[in-house]
Number of protein chains: 2
Amino acid sequence: MFEKVLLSEKVANNIKKLIVDHELKPGDKLPNEIDLAEKLNVSRSTIREAIKILISMNILEIRRGKGTFVCEKPGIATDPLGVTFMNKKDLLLYLFETRLIIEPEMAALAAGRASEKNIRVLEEVFLKLKMDITEGRNHTKADITFHNIIAKSTQNPIIQRIVPIINDSIIEGYLETKDLPESNEKVLAYHEKVLDAIKNQDAEAARNYMREHIKQGMTQISMKKNC
Amino acid sequence: MFEKVLLSEKVANNIKKLIVDHELKPGDKLPNEIDLAEKLNVSRSTIREAIKILISMNILEIRRGKGTFVCEKPGIATDPLGVTFMNKKDLLLYLFETRLIIEPEMAALAAGRASEKNIRVLEEVFLKLKMDITEGRNHTKADITFHNIIAKSTQNPIIQRIVPIINDSIIEGYLETKDLPESNEKVLAYHEKVLDAIKNQDAEAARNYMREHIKQGMTQISMKKNC
């Protein structure tokens, strides 16, 4: 039993190495079990064990009816901060406090670095956000996506990973509230100002509007708490 | 086969729920297989599968000869940002750029919130750092620990998790360089100034010295690169 665990973990590491070495790329389909078993010189059941380990590490994913694939962002856990296991008291305020530190500077960097494609996607998400709000739908997802695309626009791979981790924690059901604070008009106005600042490559304006936007959110969370 | 995967994942989720609901706490020993199998009404082999899944998710850990335990920080992956899979070009500069955003504000927060115990531990780590440097040992680990304890001193659970993730990426062997930049005297001087600022609850000084310290590091990385 113990030996088997070790072997499947070793094989999991071998498959991981194929990804690190770019023999397998994000989004690639994994070779079938028989070929892999032959290539790595182990039994098919060991391959299956190893694949299960890699799936639970978010390195591989099963697409129904299509096979096993390398994840688009391999190795990024669903809840890498362990928010599920955190004390929920004041967690939303702590998440916003962290956003207040990172996101204004992130917006400033994005203003200097966003590609044309980044800006096009940002405009699309802004329109989606606007439609969600005007048509009375929940706009949390479009809102968070907007912020995550700004993170992407910094071209910094660390910020690109960290900001979505923080922001997704807000919507992934770890928190009781599904509603983000701020009135809808203000949400729209701030997002539009940040978008314009990034389009105009105005780092200072991007930083300031983002800071005001998040501070405003924090004020509303505090008010709600004290109701 | 497919059914079995689903069942063990379901059981893994059940065990996870015991942790979320605080029936099992970080550091607790897991009940033995027989009791768990009975409690969750599944076979022992399904329990074993579920435990393997939770181990690879860093929720459980095996301590040799002692049994299976809930991790101290359950759910925190070893490389949650997937740095292993990132393009290594300029990664060190991107890591420092991210630190430059977070750590000055983190130091300012810590200056207002550090407990007496936080400060005691910070002083101890500073002395360790000083000894490592004066005795010619590699001081990277003590250096990073110093920064991670400041993160802890913010009392913000999100910052407490994010900052070590960023900083550990620097030393976990993902990067070619094992040497952090900056000359040793400067390292010591900056850390001492940050430590004093936190002890004096001087948020402004803590922010400024931390900013200078990280900027200095970035300058040296850039210089090294251009050699």
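For the numbers below, each heavy atom of this structure counts, side chains included, while hydrogens, waters and symmetry mates do not. As the structure is a computational prediction, the values presented were derived from the model and not from experiment. Quick note on labels: first sequence line is chain A, next is B, and so on, each numbered from 1.
- Comparing A:Ile55, A:Leu54, A:Ile162 by how many heavy-atom pairs each has under 4.5 Å with chain B, the most go to A:Ile162.
- Salt-bridge formation is detected for the pair B:Glu23/B:Lys39: a Lys NZ or Arg NE/NH1/NH2 atom is positioned less than 4.0 Å from an Asp or Glu carboxylate oxygen.
- Each of A:Glu97, A:His22, A:Met106, A:Glu105 has some count of heavy-atom pairs under 4.5 Å with chain B, and the biggest count is that of A:Glu97.
- Residues satisfying the ring pair (Phe, Tyr, Trp, His ring centres under 6.0 Å) test with B:Phe146, not counting sequence neighbours, are B:His191.
- A donor-acceptor pair under 3.5 Å links the side-chain atoms of B:Thr98 to the main chain of B:Tyr94, judged by distance alone.
- For chain B, the nearby part of A:Leu109 is the side chain; its heavy atoms alone come within less than 4.5 Å.
- A salt bridge links A:Glu204 to A:Arg207: one of the charged nitrogens lies within less than 4.0 Å of a carboxylate oxygen.
- Inter-residue side-chain proximity for A:Asn32 and A:Asp35 is flagged as met; some heavy-atom pair is nearer than 4.5 Å.
- Taking 4.5 Å as the limit, some side-chain heavy atom of B:Leu30 sits within range of a side-chain heavy atom of B:Ile15.
- When atom types are taken as modelled, the side chain of B:Asn118 and the backbone of B:Ser115 share a donor-acceptor pair closer than 3.5 angstrom.
- Within residues 147-159 of chain A, the residues having any heavy atom under 4.5 Å from a heavy atom of chain B are, by residue number, A:Gln155, A:Asn156, A:Pro157, A:Ile158, A:Ile159.
- Contact annotation for A:Leu100: neither backbone nor side-chain heavy atoms come within less than 4.5 Å of a heavy atom of chain B.
- A salt bridge does not link B:Lys52 with A:Glu9: every distance from a Lys NZ or Arg NE/NH1/NH2 to an Asp or Glu carboxylate oxygen is 4.0 Å or more.
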